Asks: 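This structure is in structure tokens; I'll ask about it shortly.
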Amino acid sequence: MKVGSGKPDFVRAMVAEDMKTGKWGGRVHTRFPPEPNGYLHIGHAKSICLNFGIAAEFGGKCNLRFDDTNPVKEEEEYIRSIIEDVKWLGFDWGDRLCFGSDYFEQMYEWAEQLVKAGKAYVCDLNAEETREYRGTLTRPGEESPYRNRSVEENLDLFRRMRGGEFSDGSRTLRAKIDMASDNLNMRDPVMYRILHAAHPRTGDKWCIYPMYDWAHGLEDSIEGVTHSICTLEFENHRPLYDWFLDELGVYHPQQIEFARLNLSYTVMSKRKLLQLVEEGYVKGWDDPRLPTISGMRRRGYSPASIRNFCGRIGVNKFNSTVDIALLEHCVREDLNKSSPRVMSVLRPLKVIIDNYPQGQVEELKAINNPEDASAGMRKVPFFRELYIEQGDFMEEPPKKFYRLAPGREVRLRYAYYITCTEAIKDADGNIAELHCTYDPATRGGDSPDGRKVKATLHWVSAAHALPAEVWLYEHLFTKENPDDAAEGEDFKSNLNRNSLEVLTGCKVEPSLEGAAPLSRYQFERMGYFCVDPDSLEKRGLIFNRTATLRDTWAKIQKQQQSR
RNA sequence: UGGGGAAUGGUGUAAUGGUAGCACGAGUGACUCUGGAUCACUUAGUCUAGGUUCGAAUCCUAGUUCCCCAGCCA
């Protein structure tokens, strides 16, 4: 599957160069290595598209690998969701579903090898002492008093660590590198810590667990990865990645770092997403307002639109924030071509066609998708009583308002021209219903006398419409950069209070009867909507708004108001 | 103030010594049975200062700004 568009980014250029020089024997093997401690988000999608995309483009392979080396943070549920999300995005790892934990035994043997070579030692410093000995950014560290234990003692202690003799945090296995290194990662990094915790996959077999720096390169090496693509913050870790593999003398992949994705008006860090979920600011990991893959799926994003987005944003080595408008553009672009049109009234206003025969029903032909002739036609019922959108009528229309008003004629899409004769108000002075007349000669929506109208409205038959609930979403945050908060406040203070608006009493076209969960539609003139998975079991039809359509009138209104 | 990275329109990205291009956004207009879509046009950029060169986003020097690193997280 071709994911990228146009010119190769610097990673692809590197891979292409390696193919030319035969560095890896003509092989390309990447991996997507999530830690199962949260749900995947659009930032991960960038990495997924990069890794799987490169493999596909160069005739290579890409593994899905869980970097599950920390049992206290990782859960089965996350593994399940990650598998589902990567698959949904359209990628295939074949039989290469891998787990770092499957290599624990091999990693342990390699650790013993380093101990025997005098390159690793058991250290009795606790966490706080370790930190003190490490020094600071500008001051070199000091060597641990346990640094020069004999190989025999280290081996004995390390085996007893594995055997469960010692308590959590009481000892570590450390690489013996250089406490004076400018790179803090090289100041005798911890390889193993003691953690008497059950692991989702290995149960209680282990009470020592490998650290990322020790484990990751080994996982890549074992799997025969050629290009180990990770994010920028690991650039400082590459010397360590290389050191372990070199000291072991094993197959040595190349680590390449790229910048993670930032998106305006949202947050991407797992920590912040977890906080929003746990503290109830959103309804769960799959809340449609979240940039999680599951949230976007529920919102109505298509896998193709996400892949397309990832191909457009590029890959680089500097931090940047992509305008969320580009993401929205990508969904609209895809959904415009693929989604069936339907007429739904979100905020209904009753219309009575006074001169339309009582009890009569006509089935009018409507086009399912003007962008796709193969989508065919459908019938929509027309009736004496209808609903139109409240916003499509104004008693005193301002300039540039083309829609219905007293005495004005408009077209009902695929139906008739109607003219408003009277607006009935309720006790509070709100418009309660409209009386109109229709012109029978305009059946289907065209006037034989060539008469033009300025507006075409969507509508539903009051007798046939289905009730529905529609959830409208706006950006989760009011600020482009949610972290831009006042003194003493954090990103949560920038949460958009209007990010969700629940509309009840909506009226949707009868053809939507039994619409499948997650199916996507364009509600004409209103936007793209997706059937919420909770729909059927709970309160009947529920739709999530994926994106609005471009709304020229809303723009004019805004301009008029700001004047 | 140690080390490692990086700077191109509002935003994201091309141009590897030879016309600064594309996309999103914004604006204007055309068209339209979705004020949708589509199409056309416009807008706006090489971090700064020197230098090399016929010619610099690209090479050199100095500076500025931003990001990452002091978890027994990944």
Side-chain angles (χ1 to χ4, degrees), chain A residues 5-7 9 13 33-35 37 67 69-70 72-74 123 125-128 130-132 134-141 168-174 181-187 189-195 208-209 211-213 215-216 230-239 257 259 264 270-271 312-330 332-333 336-337 341 343 366-367 370-371 400-403 411-415 417 442 444-446 452-458 480 522-527 548-556:
Chain A
S5 63
K7 297 151 192 105
D9 51 74
E35 184 192 12
N37 67 344
D67 203 0
T69 57
N70 185 359
V72 310
K73 287 192 177 175
E74 296 156 8
C123 181
L125 258 27
N126 64 31
E128 193 182 332
T130 303
R131 187 180 348 111
E132 283 161 8
R134 186 157 34 228
T136 68
L137 293 178
T138 51
R139 196 184 77 233
D168 288 6
S170 60
R171 280 180 231 261
T172 56
L173 183 75
R174 293 229 256 163
S181 173
D182 285 329
N183 183 341
L184 304 219
N185 296 125
M186 303 298 273
R187 319 241 264 226
V190 172
M191 296 164 62
Y192 278 94
R193 75 282 215 187
I194 300 172
L195 239 40
I208 57 171
Y209 290 94
M211 298 288 291
Y212 170 87
D213 285 310
H216 204 88
C230 61
T231 43
L232 244 34
E233 66 270 27
F234 292 106
E235 214 153 14
N236 292 329
H237 296 243
R238 191 175 41 198
E257 310 85 11
S264 59
K270 278 190 193 173
R271 201 201 93 235
R312 287 204 205 196
I313 55 178
V315 181
N316 246 320
K317 282 184 79 81
F318 48 89
N319 299 300
S320 58
T321 301
V322 175
D323 190 340
I324 199 165
L326 180 60
L327 215 211
E328 291 164 351
H329 167 81
C330 289
R332 289 193 185 100
E333 183 179 55
N336 175 50
K337 291 193 193 101
R341 318 284 132 127
M343 293 195 286
I367 295 165
E371 304 287 325
K400 296 195 181 168
F401 181 84
Y402 304 152
R403 280 108 96 145
R411 172 170 38 233
L412 293 181
R413 180 145 228 227
Y414 301 124
Y417 285 14
T442 57
D446 281 306
K452 298 281 184 201
V453 290
K454 293 259 307 193
T456 300
L457 310 186
H458 63 280
E480 216 174 293
Q522 185 197 100
F523 289 179
E524 293 214 30
R525 305 206 303 137
M526 303 307 287
T548 57
L549 251 18
R550 185 193 288 159
D551 190 344
T552 308
W553 168 238
K555 195 179 285 182
I556 292 168

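The structure presented is a predicted model; accordingly, all values stated were derived computationally and were not measured. The figures here come from the full heavy-atom set of this structure, side chains too, leaving out hydrogens, waters and symmetry mates. Convention: sequence-line order gives letters A, B, ...; per-chain numbering from 1.
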Asks: Does the side chain to side chain contact (heavy atoms under 4.5 Å, CB included) test come out yes or no for H216(A) and D67(A), once each step is laid out?
Replies: CA-CA 8 Å; H216(A) 204 88; D67(A) 203 0; 2.9 Å; yes
Asks: Rounding to an integer number of angstrom, what distance separates G35(B) and G29(B) when you compare their C1' atoms?
Replies: 15 Å
Asks: For C60(B) versus G17(B), give the span between their C1' atoms, rounded off to a whole number of Å.
Replies: 13 Å
Asks: How would you label the contact of Q522(A) with the nucleic acid (heavy atoms, under 4.0 Å): base, sugar-phosphate, or nothing?
Replies: base
Asks: Compare the minimum distances between each of C69(B), U13(B), G12(B) and the side chain of I313(A), then state the nucleotide with the smallest one.
Replies: G12(B)
Asks: Please tell me which of the listed nucleotides, G36(B), G25(B), A70(B), lies nearest to the side chain of A325(A)?
Replies: G25(B)
Asks: Determine which nucleotide pairs with C22(B), using a 3.5 Å limit on both distances of a Watson-Crick or G-U wobble pair.
Replies: G12(B)
Asks: C41(B) pairs with which nucleotide, Watson-Crick or G-U wobble, both distances below 3.5 Å?
Replies: G27(B)
Asks: Closest nucleotide of RNA chain B for R193(A) versus for T136(A): which of these residues is on the 5' side?
Replies: T136(A)
Asks: Suppose we define a pair by two distances each less than 3.5 Å, Watson-Crick or G-U wobble; what does G2(B) pair with here?
Replies: C69(B)
Asks: With side chain to side chain donor-acceptor pair (under 3.5 Å) as the test, would you mind laying out the steps for T456(A) and R413(A) before giving the verdict?
Replies: CA-CA 6 Å; T456(A) 300; R413(A) 180 145 228 227; over 6 Å; no
Asks: Base, sugar-phosphate, or nothing: which does Y192(A) touch, judged by heavy atoms less than 4.0 Å apart?
Replies: nothing
Asks: Where the side chain of L326(A) is concerned, which of G36(B), C24(B), C72(B) is the nearest nucleotide?
Replies: C24(B)
Asks: So, are E333(A) and R312(A) salt-bridged, with charged N and O less than 4.0 Å apart?
Replies: yes
Asks: Is it the case that the side chains of R193(A) and T172(A) hold a donor-acceptor pair, with the cut-off being a distance below 3.5 Å and no angle test?
Replies: no
Asks: For atom P, what is the distance between A6(B) and A74(B), given to the nearest Å?
Replies: 26 Å
Asks: Counting only Watson-Crick pairs (N1-N3 plus N6-O4 or O6-N4) and G-U wobbles (N1-O2, O6-N3), all under 3.5 Å, who is the partner of G35(B)?
Replies: none
Asks: Once you apply a heavy-atom cut-off of 4.0 Å, does R341(A) come out as touching a base, just sugar-phosphate, or nothing?
Replies: base
Asks: Between T138(A) and G3(B), does any side-chain N or O lie under 4.0 Å from OP1 or OP2?
Replies: no
Asks: Distance between the P atoms of U52(B) and U61(B), in whole angstroms?
Replies: 15 Å
Asks: Please compare T172(A) and D182(A) by the position of their nearest nucleotide in RNA chain B and report the one closer to 5'.
Replies: D182(A)
Asks: Once hydrogens and angles are ignored, does a donor-acceptor distance under 3.5 Å link the base of G36(B) to the side chain of E371(A)?
Replies: yes
Asks: Among G36(B), U13(B), C72(B), which nucleotide has an atom closest to any side-chain atom of T552(A)?
Replies: G36(B)
Asks: It should be established whether R134(A) places a side-chain nitrogen or oxygen under 4.0 Å from OP1 or OP2 of nucleotide G71(B).
Replies: yes
Asks: Does OP1 or OP2 of G71(B) have a side-chain N or O of T130(A) closer than 4.0 Å?
Replies: no
Asks: In terms of side-chain heavy atoms, does E35(A) have a donor or acceptor partner in N37(A) at a distance below 3.5 Å?
Replies: yes
Asks: Nearest to the side chain of R550(A) - G71(B), G2(B), G36(B)?
Replies: G36(B)
Asks: Report the base-pairing partner of U52(B) (Watson-Crick or G-U wobble, both distances below 3.5 angstrom), or none.
Replies: none
Asks: Scan side-chain atoms only and decide if R525(A) and H458(A) contain a donor-acceptor pair under the 3.5 Å cut-off.
Replies: yes
Asks: Using atom P in both nucleotides, what's the gap between G18(B) and U58(B) to the nearest angstrom?
Replies: 11 Å
Asks: Taking only the side-chain nitrogens and oxygens of H329(A), find out if one of them lies under 4.0 Å from OP1 or OP2 of C24(B).
Replies: yes
Asks: Can you tell which of G35(B), G10(B), U34(B) lies closest to the side chain of D323(A)?
Replies: G10(B)
Asks: Determine whether the aromatic ring of F318(A) stacks with the base of A7(B), defined as ring centroids separated by less than 5.5 Å and ring planes inclined by less than 30°.
Replies: no
Asks: Hunt down the Watson-Crick or G-U wobble partner of A7(B), both distances under 3.5 Å, from any strand shown, or write none.
Replies: U64(B)
Asks: From the options C69(B), A23(B), U13(B), select the nucleotide whose nearest atom is closest to the side chain of L184(A).
Replies: C69(B)
Asks: Does a side-chain N or O from R171(A) land closer than 4.0 Å to OP1 or OP2 of C72(B), or not?
Replies: no
Asks: Ignoring the backbone of R312(A), work out which of A23(B), U34(B), G5(B) is nearest its side chain.
Replies: A23(B)
Asks: Should the side chain of N183(A) and the base of G2(B) be counted as holding a donor-acceptor pair, with the cut-off at 3.5 Å?
Replies: no
Asks: I'd like to know if R403(A) reaches the base of G35(B) with its side chain such that a donor and an acceptor end up less than 3.5 angstrom apart.
Replies: yes
Asks: Please measure how far the P atom in U8(B) lies from the corresponding atom in A15(B), and state the result in whole Å.
Replies: 14 Å
Asks: Assess whether one donor atom and one acceptor atom, taken from the side chain of N185(A) and the base of C69(B), lie less than 3.5 Å apart.
Replies: no
Asks: Checking base pairs now: Watson-Crick or wobble, both atom distances under 3.5 Å. What partners U58(B)?
Replies: none
Asks: For the P atoms, the ones on G9(B) and on G45(B), what distance do you get once it is rounded to whole angstrom?
Replies: 9 Å
Asks: State which of A70(B), G3(B), G5(B) makes the closest approach to the side chain of K317(A).
Replies: G5(B)
Asks: Could you state the CG-C1' distance from L195(A) to A74(B), rounded to the nearest angstrom?
Replies: 14 Å
Asks: OP1 or OP2 of G3(B) less than 4.0 angstrom from a side-chain nitrogen or oxygen of R187(A), does that happen here?
Replies: no
Asks: Can you check the distance between C69(B) and A56(B), where both ends of the measurement are the P atom (answer in whole Å)?
Replies: 39 Å
